[in-house]
2 protein chains.
Amino acid sequence: MSARKVARPAERGHSGGGARHGAADGEPLTGSVEDYLKAIYELEEMTGLAAATNAIAERLDIAPPSVSGMLRRLAALELLSYERYKGVSLTASGRRAALRMLRRHRVIEAYLAGELGYPWDRVHAEAERLEHAASDELIDRMAAALGHPAHDPHGAPIPTRDGTLVMVPRQMLAEQAVGSRARVAAVGDEDGELLRYVASLAIKPGTMVTVVARAPFDGPLTVEVAGKGTKAQRTHVVGSTVARAVMVDAPVKRKRST
Amino acid sequence: MSARKVARPAERGHSGGGARHGAADGEPLTGSVEDYLKAIYELEEMTGLAAATNAIAERLDIAPPSVSGMLRRLAALELLSYERYKGVSLTASGRRAALRMLRRHRVIEAYLAGELGYPWDRVHAEAERLEHAASDELIDRMAAALGHPAHDPHGAPIPTRDGTLVMVPRQMLAEQAVGSRARVAAVGDEDGELLRYVASLAIKPGTMVTVVARAPFDGPLTVEVAGKGTKAQRTHVVGSTVARAVMVDAPVKRKRST
DNA sequence: TGCAAAAGTTAGGCTCTCCTAACTAATGTG
DNA sequence: CACATTAGTTAGGAGAGCCTAACTTTTGCA
Ligand SMILES: [Mn+2]
Ligand SMILES: [Mn+2]
Ligand SMILES: [Mn+2]
Ligand SMILES: [Mn+2]
């Protein structure tokens, strides 16, 4: 008498239902769909353009044809707009879902680091799975336990529950002029090894760094990190991968400056 | 150059690989498989017999034919032994996997209740999903944060990391003789509403209850709960569903007693 | 012991997610 | 502007999970 509840597209398999198409915003998305939306949001944000199929494929480590297929489905769900051979861009409902995932991911990262002693190079992988399994209540309780933090352990801003994301202007350390000094705002969180390396240089959100020199041809950057120790101990040469992973606060633009 | 890694039966879809059959114990199981193993373990434990297809189906809220199909797969993975029309029983490797899930589930429940203020009637649903997403490291850190608890919030024993489960003999409150007094050891955790009701009677692991009367024909049980208040306030009539969900410590059997 | 009810299985489908092979559209460069 | 390169698509397939309908075993009991 327990009437199995012919679940929505929910998660595991299932069958049943008719042709869904308009995502009335309420139905639960699968973990896969959630990851696509998150990736597309980040690509749009990062490039300012429609997200390209191959870029999505690379980010998710999935073959391009699989992405093509999924994009068609996401478009049918009205989570994004899709024109063949052009890229995709999220609809309002897609963006809402993406921001929700970003919040979940970052709250989880912050909680693991703040309450369970996780090192910052391992929180990403854990959050990548938990973000799909945690209830909204759990996310809220974790955020509350931390006093509603504004940033994750890597410096990325945490969207609020209502989907607001404060976008502070940031630039890559790689783009900074020689001689300039800036505050580290964030470090890309995908590569754990890079995070461990960066931490060994005492670079983390909040540290001040000065660009001492830049080798030609997109070459290594010599930076001086503020902190303890001799100037020599605090000076390091970092490759362009690292210099592009480290984001600094954009210098404050005064109106009509020199 | 990022060589997508032709994943194992892992989770989402995928294809590829050849015919796997002997579960060398190491490969990751899908969430679905994990839930089946957990259910089968509990049914075997509870009845002392091989788990029946329909019982598994009911427990997991899945149609019996789906279970038949899965049992064939689990048998191929050597997680259980299966003879058509008879039930199934877990192999050593299946039992190991089941106990691992039981530990994860219960550690998560304990953590949610102990560190995040979850009420005991909501931890089960949350744990049911998180148990498949959490890493071993996370489970260990949660257990450590709690000082390696021996029981979950409902009184169920938590298996150790190496798969040992201390089985203290327990009996259903429903089976206790009229006049007998016993300590509540555990309460079934699946039904949140029942848990909320039971808590409202001040029944929880540790409380002492005395069976005052039993109505005929599997009827309601009148119990007196130890604690504050008048005897009338502490006396309640509970139905057989509740009386079967509440487990009490089995009376110590003295050798050759009267 | 015979047979109906209960338990369990097989057959055939469907969705979701992802894959490879092969093809087509867009692009940018001499 | 042709045309090779790159980006993206279609075609066809696979496996995990789950379903309903129809069939087969087992079992309890008159
Ligand atoms: Mn994810
Ligand atoms: Mn992060
Ligand atoms: Mn589960
Ligand atoms: Mn429990």
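All chains are named by letter (A, B, ...) in the order of the sequence lines, taking the proteins before the strands, and each is independently numbered beginning at 1. None of the values given here were measured: they were computed from a predicted structure.
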Next on the checklist: Quick one, B:Arg244 with B:Glu175, criterion salt bridge (charged side-chain N to carboxylate O under 4.0 Å, His left out). Give me CA distance, side-chain angles, the key distance, then yes/no.
Outcome noted: CA-CA 8 Å; B:Arg244 272 184 280 109; B:Glu175 291 166 342; over 6 Å; no
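Residues B:Arg100 and B:Asp136 are paired through a salt bridge, judged by an N-O separation under 4.0 Å between the basic side chain and the carboxylate. Salt-bridge check for A:Asp162 with A:Arg103: failed, with every basic side-chain N at 4.0 Å or more from each acidic carboxylate O. A salt bridge is defined here as a Lys NZ or Arg NE, NH1 or NH2 lying under 4.0 Å from an Asp or Glu carboxylate O, and B:Glu190 with B:Arg59 meets this definition.
Rounded to an integer number of Å, the gap from CG of A:Leu29 to P of C:dT15 is 18 Å. When the C1' atom of D:dT10 is taken as reference, atom CE of A:Met70 falls 18 Å away, rounded to whole Å. Between A:Leu60 atom CG and C:dC19 atom P the separation is 10 Å, expressed in whole Å. For the pair B:Asp35 CG and D:dA16 C1', the computed distance is 14 Å after rounding to whole Å. Between the P atom of D:dC19 and the CG atom of B:Asp61 lies a distance of 8 Å, rounded to the nearest Å. Across the protein-nucleic acid pair, A:Ile56 atom CD1 and D:dA7 atom P stand 14 Å apart, rounded to whole Å. A straight line from CD of A:Glu83 to P of D:dT9 spans 11 Å, rounded to a whole angstrom. Protein atom CD1 of A:Ile62 is 16 Å distant from nucleotide atom P of C:dC16, rounded to whole Å.
A:His132 places no side-chain N or O within 3.5 Å of a backbone atom of A:Glu34 that could act as its donor or acceptor partner. Here the side chain of A:Arg104 pairs a donor or acceptor atom with the backbone of A:Glu131 at under 3.5 angstrom. At least one donor-acceptor pair under 3.5 Å links the side chain of A:Arg106 to the backbone N or O of A:Pro157.
Contacts of residues 45-54 of chain A with DNA chain D (heavy atom under 4.0 Å): A:Ala52, A:Thr53, A:Asn54.
Mapping B:Pro65 and A:Gly69 onto DNA chain D via the closest heavy atom, the residue that lands nearer the 5' end is A:Gly69.
Two residues are said to be in side-chain contact when any heavy atoms from C-beta on lie closer than 4.5 Å; A:Leu173 and A:Gln176 meet this criterion.
Between A:Tyr82 and the phosphate of D:dT9, there is a side-chain N or O to OP1/OP2 separation shorter than 4.0 Å. Phosphate proximity of D:dC19 to B:Ser66: present, with a side-chain N or O under 4.0 Å from OP1 or OP2.
Annotation: cation-pi geometry satisfied between B:Arg141 and A:Tyr118 (NZ/CZ under 6.0 angstrom from ring centroid, within 45° of ring axis).
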Next on the checklist: How would you summarise protein contacts on nucleotides 24-29 of chain C per nucleotide, using B for base, S for sugar-phosphate only and - for none, with heavy-atom distances below 4.0 Å?
Outcome noted: BSS---
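Minimum atom distance to the side chain of A:Ser68 is reached by D:dT10, of the listed C:dT9, D:dT10, C:dC16.
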